[in-house]
There are 2 protein chains.
Amino acid sequence: MPDAIPAVRPERLGKDILAELPAYDLIELFFFAYRDFVSDPDRILGEYGFGRAHHRVLHFVNRQPGLTIAELLDILRITKQSLNRVLKELIEKDFIESRTGTADRRQRLLYATPQGSELALKLAKLQTRRIMRALSDMEPEGKEVISRYLLRLIDPDDRDHVERLVFGPEKT
Amino acid sequence: MPDAIPAVRPERLGKDILAELPAYDLIELFFFAYRDFVSDPDRILGEYGFGRAHHRVLHFVNRQPGLTIAELLDILRITKQSLNRVLKELIEKDFIESRTGTADRRQRLLYATPQGSELALKLAKLQTRRIMRALSDMEPEGKEVISRYLLRLIDPDDRDHVERLVFGPEKT
DNA sequence: GAGATATGTCAACAAGGCTGACATAAAATG
DNA sequence: CATTTTATGTCAGCCTTGTTGACATATCTC
């Protein structure tokens, strides 16, 4: 089988040249795509008196029931004061519940309430629609290529952390 | 040649099911990837007393010499008041030059100064490094897959506009 | 019991969005 | 040519979401 012969990877040859020419196309496409991607939930969030910061918090809490404050801070990379402002509102409006930790009673374990879970799902589906629409008409391996690429855009130090977070702990 | 037989596209079969399950993986990877992607230039921008808003303005002006205010507003999707705040600073610090239009003297045509062009290039190269690093070790058609996907994430109404903007007017 | 850790909170500030109102110059139009 | 429309600028104030610094409390660890 010809597959046994390793293919020559062209990126080794052109790397230096390519590194000098800015990848304007991808830079700009990434900007426009993200702009539209995050704008979808805005209208709905507005109805609840929430903003994008609330969305991010609700999303990750819903995805990881029992998330602690420290873990959430690590994901969002904001200060605890910034987090607390939006988190407080989400708790007051009964979208997130904060329980005292059992093993470590200093910790606060965060859970989405039924109402919070519902909103999180609604917003996720909205974004999923755009994601899947863009994926349709692509090769079957398209999704795998995209997610591998996005993962490799992340800082190498964080990559493992994000991978566990997104795909689950897998083999522990 | 077997290629003449059109392949059955699996997305037609699974579409309804997939549409119901949120694509949490891509949603989250997109969030983390963009977070790191825009953070690269931050340190350099800080040295000049600029922020991300300045970066976006400088980038597009540098890419499209002679860009008008209206076109820039259309790209950035912000109000003219917001734009003017950062644009004024970029002009005062001599990174962007504003010339009165020739055909239409009401317009302001924006140009990056040599200093502005240099900064824009520096920032673009920084982001290009990340983009290309993530692209290395990928299939040769990887870049094409990515850019096609990002383009399809954009609102359909804007897609042609963005395409012209990113890849040039092509056949006019 | 002492120190470290997880969280909460107050106060002030900055960046970068927004709205509304109004001004000016130049083009377009009847 | 008078009127209206368009492109831009500007003032004033507000909101969201980020920041720093300081300090408080409860709980865990040693």
Side-chain angles (χ1 to χ4, degrees), chain A residues 31 34-35 38-39 41-61 66-93 96-111, chain B residues 31 34-35 38-39 41-61 66-93 96-111:
Chain A
F31 164 75
Y34 195 77
R35 180 193 67 179
V38 295
S39 78
D42 282 357
R43 207 167 38 88
I44 291 172
L45 287 164
E47 293 169 12
Y48 292 83
F50 292 144
R52 291 177 186 180
H54 302 86
H55 182 197
R56 290 193 287 269
V57 170
L58 181 60
H59 174 93
F60 285 108
V61 168
L67 202 63
T68 67
I69 302 287
E71 286 165 342
L72 194 46
L73 287 175
D74 194 46
I75 289 170
L76 301 175
R77 299 250 192 96
I78 58 176
T79 60
K80 62 178 174 177
Q81 294 92 325
S82 293
L83 171 57
N84 230 276
R85 187 164 36 206
V86 296
L87 183 56
K88 204 189 280 179
E89 289 169 5
L90 284 164
I91 292 172
E92 278 168 4
K93 292 188 181 172
I96 285 182
E97 189 189 345
S98 168
R99 300 182 204 156
T100 297
T102 47
D104 186 336
R105 290 177 45 81
R106 290 172 302 180
Q107 292 182 329
R108 299 288 171 266
L109 307 186
L110 304 173
Y111 296 88
Chain B
F31 164 73
Y34 194 77
R35 181 193 65 179
V38 295
S39 77
D42 282 356
R43 207 167 38 87
I44 291 172
L45 287 164
E47 295 169 12
Y48 293 83
F50 292 144
R52 290 176 187 181
H54 300 87
H55 182 195
R56 290 193 286 271
V57 170
L58 181 59
H59 173 93
F60 286 107
V61 168
L67 202 63
T68 67
I69 301 288
E71 286 165 343
L72 194 45
L73 287 174
D74 194 45
I75 289 170
L76 300 175
R77 297 253 191 96
I78 58 177
T79 59
K80 62 177 175 177
Q81 296 92 325
S82 293
L83 171 59
N84 231 278
R85 186 164 35 206
V86 296
L87 183 56
K88 205 189 281 180
E89 289 169 6
L90 284 164
I91 292 172
E92 277 167 6
K93 291 188 184 172
I96 286 180
E97 190 189 344
S98 168
R99 301 183 203 156
T100 298
T102 46
D104 186 336
R105 292 178 43 82
R106 290 171 303 181
Q107 293 182 329
R108 298 287 170 266
L109 308 185
L110 304 173
Y111 297 88

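Lettering of chains follows the sequences in order, A, B, ..., and the numbering in each one begins at 1. Keep in mind that what you see is a predicted model, and the values were worked out from it rather than measured.
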Between the two end axes of the helix from C/dG1-D/dC30 to C/dG30-D/dC1, each built from 5 base pairs, what angle do you get to the nearest 10°?
-> 30°
For atom CG of B/Leu87 and atom P of C/dA15, their distance in whole Å = 17 Å
Could you state the atom-to-atom distance from CG of B/Leu90 to P of D/dG9 in whole Å?
-> 13 Å
From NZ of B/Lys88 across to C1' of D/dG9 the rounded distance in Å is 8 Å
How close do B/Ile96 and B/Val57 get, heavy atom to heavy atom, and via which atoms?
-> CD1-CG1, 3.9 Å
Where do B/Asp74 and B/Arg77 come nearest, in terms of heavy atoms and distance?
-> O-CG, 3.8 Å
In whole Å, what is the span from the CG atom of B/Asp42 to the C1' atom of C/dA15?
-> 12 Å
Report, as a single string ordered 5' to 3', how protein heavy atoms within less than 4.0 Å touch nucleotides 19-30 of chain D: B base, S sugar-phosphate only, - not at all.
-> BBBB---BBS--
Near-strand residues of residues 46-53 of chain B, defined as heavy-atom separation under 4.0 angstrom from DNA chain D | none
Among residues two or more places apart or on two chains, list those pairs meeting salt bridge (Lys or Arg N to Asp or Glu O under 4.0 Å) that have a residue in residues 44-61 of chain A.
-> A/Asp42-A/Arg52
Starting from P on D/dT6, measure out to CD on B/Gln107 and report it in whole angstrom.
-> 14 Å
If you look at every heavy atom in B/Leu45 and B/Gly51, which pair is closest and at what distance?
-> CD1-O, 3.7 Å
Name all residues meeting the side chain to side chain contact (heavy atoms under 4.5 Å, CB included) criterion together with B/Asp104; count only those two or more places apart in sequence or in a different chain, and write none if there are none.
-> B/Arg106, B/Gln107
Using atom CG of A/Leu83 as one end and atom P of D/dT16 as the other, report the distance to the nearest whole Å.
-> 17 Å
Separation of atom CG in A/Leu45 from atom C1' in D/dT17, rounded to whole Å | 14 Å
Using a cut-off of less than 4.0 Å, is there contact between a side-chain N or O of A/Asn84 and OP1 or OP2 of C/dT9?
-> yes
May I ask you to verify if any side-chain N or O of B/His54 is less than 4.0 angstrom from the OP1 or OP2 atom of C/dA15?
-> no
Is there a side-chain contact between B/Arg108 and B/Thr100 (heavy atoms, below 4.5 Å)?
-> yes
Taking the six-membered ring for Trp, are A/Tyr34 and B/Tyr34 parallel (under 30°), tilted (30 to 60°) or perpendicular (over 60°)?
-> parallel
To the nearest Å, how far apart are B/Leu72 CG and C/dG16 P?
-> 15 Å
Partners passing side-chain hydrogen bond (donor to acceptor under 3.5 Å, both in side chains) against B/Ser98 (at least two apart in sequence or in another chain) = none
Given A/His59, A/Glu89, A/Lys93, the one that forms side-chain hydrogen bond (donor to acceptor under 3.5 Å, both in side chains) with A/His54 | A/Glu89
Side-chain heavy-atom pair B/Leu87, B/Leu110 within 4.5 angstrom cut-off | yes
Quick one: does B/Thr68's side chain get under 4.5 Å of B/Leu109's, heavy atoms only?
-> yes
